[in-house]
Structure formats: structure tokens, C-alpha cells
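See structure below.
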Amino acid sequence: MIRETLKSSTFSDEKIKNLIIPTEKVAHVQQNNSLEHALLVLVKSGYTAIPVLDKESKLNGVISKALILDSILGLERIELDRLHSFKVADVMNSKLATMKMTETFAKALALSINNPFICMIDADGAFKGILTRSSLLVYLNQELFQKKK
Ligand code: 4BW
């Protein structure tokens, strides 16, 4: 029974919709921001990686502390001036896990194996928020072990 529900429930369903962290609560940067700004946001928010959006809130990619550090490594020293001269667009990863709100919990679970978070988009490609691995696990734990059958 639970298996069937997980297989067919989509993120448009009230029951699992609230697993999504909405856009306004997602730490993010824009692709024309400097690497210095992105590093500040990452350090202050405490997250390893965050989405990159454009001015219209469309998704462009993901930026991480690791990508930034890698981009400022010179041959023999850390080139701190690159933090000012490079933009987020220069180093972000454009490959990211995305899902439409009309797709299923089962797909999200499978994607979360290799992605700490999944970016949710609507039918027009507008960013709606993120689905984290922890929120999927919390829901699964609740459905499998904490609900009275
Ligand atoms: O600030 C934090 N608050 C809480 N409650 N938990 C945190 C925080 N920072 C990290 N964590 C925990 C979470 O369990 O460490 C895990 C790994 O964090 P990450 O990846 O490497 O920064 C967190 O796991 P998660 O909740 O499953 O989140 C997976 C990834 O999703 C995070 C981060 O890259 C992204 N993320 C989560 N919430 C976000 C966010 N990105 C932007 N804005 C948010 N609000």
C-alpha cells in the first residue's frame, strides 16, 4: 500500500507538497555575482552547495564551496584576486537534478541517491524550491515506521 502511494504521489499532492523548501527560504546566488559574494553566501548559510538563479528566478546551475576553491587554486598558491575577477557563471555547474511538480516521490527518491538536493520547477521552467535528501528521508521514516498501521 505505502509502496503504491510513494510510486504514484506527485509533488502537486497536498500530502507531500510541503516537503519542498520554497524559493524564498532557499539560499541562492545569481550567475553575474562575483565568486566572493557566492563564497560569503555559502559560508554564512553553512551550505556546501546552493542553486544559481537568474533575475527571473529561472534555474542556471549550482555553485559550491568546492567549485570556488578549485577555481582559485593556482599552481603554487591560492589566487585570491580571482574571487573578484571571476563570476559565478564562470565556475558553476550547469548540470543539476531537476524535477517537475507533476513528477513522483519515487523519482525524487531515486534522484536523491546521487544528489543532496533536487531543484523543483513548474511547467514553465520557473524555480519553485528544493527538495532535500533529508526531507525525503524524514517523510519515508514517518510513513514506514511512525504511522500506526
Ligand atoms: O543550516 C543548516 N540547518 C540545518 N537544519 N541542517 C543543515 C544546515 N546545513 C547543513 N545541514 C545538514 C542537513 O542535514 O547537513 C546536510 C548536508 O548539507 P549540505 O547540503 O552539504 O550543505 C543537510 O542535508 P539536507 O537537509 O538533506 O540538505 C542537502 C543539501 O541541500 C545541502 C545543501 O546543499 C542544500 N540545501 C539544503 N537546504 C538549503 C540548501 N540550499 C540552499 N538553501 C537551503 N535552505
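Remember, it's 1-based here, ligands and their atoms both numbered in the order they're listed.
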Got a protein heavy atom sitting under 4.0 Å from atom 4 (C) of ligand 1?
no
Using protein heavy atoms only, decide if any is under 4.0 Å from atom 23 (C) of ligand 1.
no
Within the 4.0 Å heavy-atom shell around Arg133, which atoms of ligand 1 are there?
27 (O)
Atoms in ligand 1 with a heavy atom of Ser45 nearer than 4.0 Å
1 (O)
Taking the non-hydrogen atoms of Ser64, is any one of them nearer than 4.0 angstrom to ligand 1?
no
For the pair Leu73 and Ile78, evaluate side chain to side chain contact (heavy atoms under 4.5 Å, CB included) and give the outcome as yes or no after the intermediate values.
CA-CA 5 Å; Leu73 282 188; Ile78 293 176; 3.8 Å; yes
Please determine if Ile50 has a nitrogen or oxygen closer than 3.5 Å to a nitrogen or oxygen of ligand 1.
no
Ala49, any N or O under 3.5 Å of ligand 1 N or O
yes
Does the protein put any heavy atom within less than 4.0 Å of atom 12 (C) of ligand 1?
no
Just which atoms of ligand 1 are under 4.0 Å from any heavy atom in Ser134?
25 (P), 26 (O), 27 (O)
Between His28 and ligand 1, which part of the residue brings a heavy atom under 4.0 Å of the ligand: side chain, backbone, both or neither?
neither
Where ligand 1 meets Ile130 - atom numbers and elements under 4.0 angstrom, heavy-atom basis
36 (N), 37 (C), 38 (N), 39 (C), 40 (C), 41 (N)
Out of Thr23, Val62, Thr132, Thr48, who gets a non-hydrogen atom closest to atom 21 (O) of ligand 1?
Thr48
Would you mind telling me if ligand 1 is within reach of the side chain of Ser135, the backbone, both or neither, using heavy atoms under 4.0 Å?
neither
